[in-house]
Amino acid sequence: QVQLVESGGGLVQAGGSLRLSCAVSESFFSIRAMGWYRQAPGKQRELVAVISNGGSTNYADSVKGRFTISRDNAKKMVYLQMNSLKPEDTALYYCNAGISASLRMVGEYSWGQGTQVTVSS
């Protein structure tokens, strides 16, 4: 069973920053694409950032220019640096793995608990 553990969320004012972390137990982590998803109350889960095993990235228009996804294969960690946060970014954030680092990537593993990001106006 692959374990995904997200951390780093919190409460921040609009314009502030947070850095989320995702620890992955997958043995073949280094060859997987990884992504960050978020789900706000009443909304469907949304893929906001993806990174390939080679480091190529893609972002949803809603976060492009503000968020940066990165990975550390040695530590089996994925990060999401979030700057210029907006109230619309408020959501539960999850990480997951997939085959292709595109915005159509479907998470293949069981979801972790996620980490809550709340942005106040």
Side-chain angles (χ1 to χ4, degrees):
Q1 290 278 10
V2 174
Q3 299 293 317
L4 302 168
V5 182
E6 301 91 347
S7 62
L11 175 63
V12 65
Q13 290 185 314
S17 299
L18 285 172
R19 191 190 192 207
L20 307 184
S21 298
C22 171
V24 186
S25 67
E26 168 65 65
S27 297
F28 299 148
F29 172 80
S30 64
I31 65 172
R32 306 307 308 279
M34 297 296 302
W36 281 98
Y37 302 73
R38 67 186 183 187
Q39 187 168 30
K43 293 187 176 181
Q44 191 173 352
R45 184 176 286 113
E46 171 192 20
L47 178 60
V48 298
V50 291
I51 184 168
S52 73
N53 62 321
S56 298
T57 60
N58 286 293
Y59 301 92
D61 288 341
S62 58
V63 308
K64 191 172 185 178
R66 300 187 298 119
F67 290 10
T68 302
I69 187 171
S70 61
R71 66 192 296 163
D72 185 331
N73 289 341
K75 296 181 178 180
K76 297 198 291 184
M77 296 285 291
V78 186
Y79 307 99
L80 186 67
Q81 178 66 46
M82 305 183 295
N83 298 325
S84 301
L85 283 163
K86 304 175 180 179
E88 308 94 89
D89 296 318
T90 296
L92 194 59
Y93 283 72
Y94 303 88
C95 63
N96 215 316
I99 298 173
S100 178
S102 77
L103 294 178
R104 295 177 61 85
M105 190 183 79
V106 177
E108 297 183 348
Y109 301 124
S110 297
W111 300 100
Q113 292 185 329
T115 185
Q116 179 67 41
V117 172
T118 302
V119 184
S120 62
S121 60

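Atoms CZ and CG, from Phe67 and Leu20 in turn, are 8.0 Å apart once rounded to the nearest 0.5 Å. In this structure, OG1 in Thr57 is found 11.5 Å from CZ in Arg71, a value given to the nearest 0.5 Å. Rounded to the nearest 0.5 Å, atoms CG (Asn53) and OG (Ser100) are 10.0 Å apart.
For residues 7-26, the set of pairs meeting the side-chain hydrogen bond (donor to acceptor under 3.5 Å, both in side chains) definition, not counting sequence neighbours, comprises Ser17-Asn83, Glu26-Tyr109.
Residues passing the side chain to side chain contact (heavy atoms under 4.5 Å, CB included) test with Thr68 are Tyr59, Gln81, sequence neighbours excluded.
A donor-acceptor pair under 3.5 Å is formed between the side chain of Asn58 and the backbone N or O of Ala101. Side-chain atoms of Arg32 never come within 3.5 Å of backbone atoms of Asn96 as a donor-acceptor pair (strictly under, hydrogens ignored).
The local environment of CG in Leu11 is crowded, with over 12 non-hydrogen atoms from other residues, nucleotides or ligands closer than 6.0 Å. Environment of CD in Glu108: crowded, with over 12 heavy atoms of neighbouring residues, nucleotides or ligands closer than 6.0 Å.
At a threshold of 4.5 Å between side-chain heavy atoms, the hydrophobic network of Ile, Leu, Val, Met, Phe, Trp and Tyr places Met82 and Met77 in two separate groups. The hydrophobic cluster containing Leu103 does not contain Tyr93, counting ILVMFWY residues as joined when their side-chain heavy atoms lie under 4.5 angstrom apart, directly or transitively. Cluster annotation: Met105 is not connected to Val78 through the hydrophobic network of ILVMFWY side chains, with a link wherever side-chain heavy atoms come within less than 4.5 Å. Criterion: ILVMFWY side-chain heavy atoms under 4.5 Å apart, direct or through other members. Under it, Met34 and Tyr94 are not part of a common hydrophobic cluster.
Heavy-atom minimum distance, Leu80 versus Ala49: CD1-CB, 4.0 Å. Shown here for Val50 and Ile69, the closest heavy-atom pair between the two residues is O-CG2, 3.6 Å. When all heavy atoms are compared, the tightest approach of Ser121 to Ala14 is CA-CB, 4.4 Å. Residues Ala60 and Glu46 approach most closely at CB-OE2, 4.4 Å, considering heavy atoms.
You'll find the side chain of Trp36 reaches within 4.5 Å of the side chain of Cys22, heavy atoms only. Residues Val24 and Leu4 have side chains in contact (heavy-atom distance under 4.5 Å, counting atoms from C-beta outward). Trp111 has its side chain within reach of Tyr37: a pair of non-hydrogen atoms, C-beta onward, lies under 4.5 Å apart.
For the pairing with Arg38, the side-chain contact (heavy atoms from CB on, under 4.5 Å) check across Leu92, Val63, Thr90, Val117 returns one residue only, Val63.
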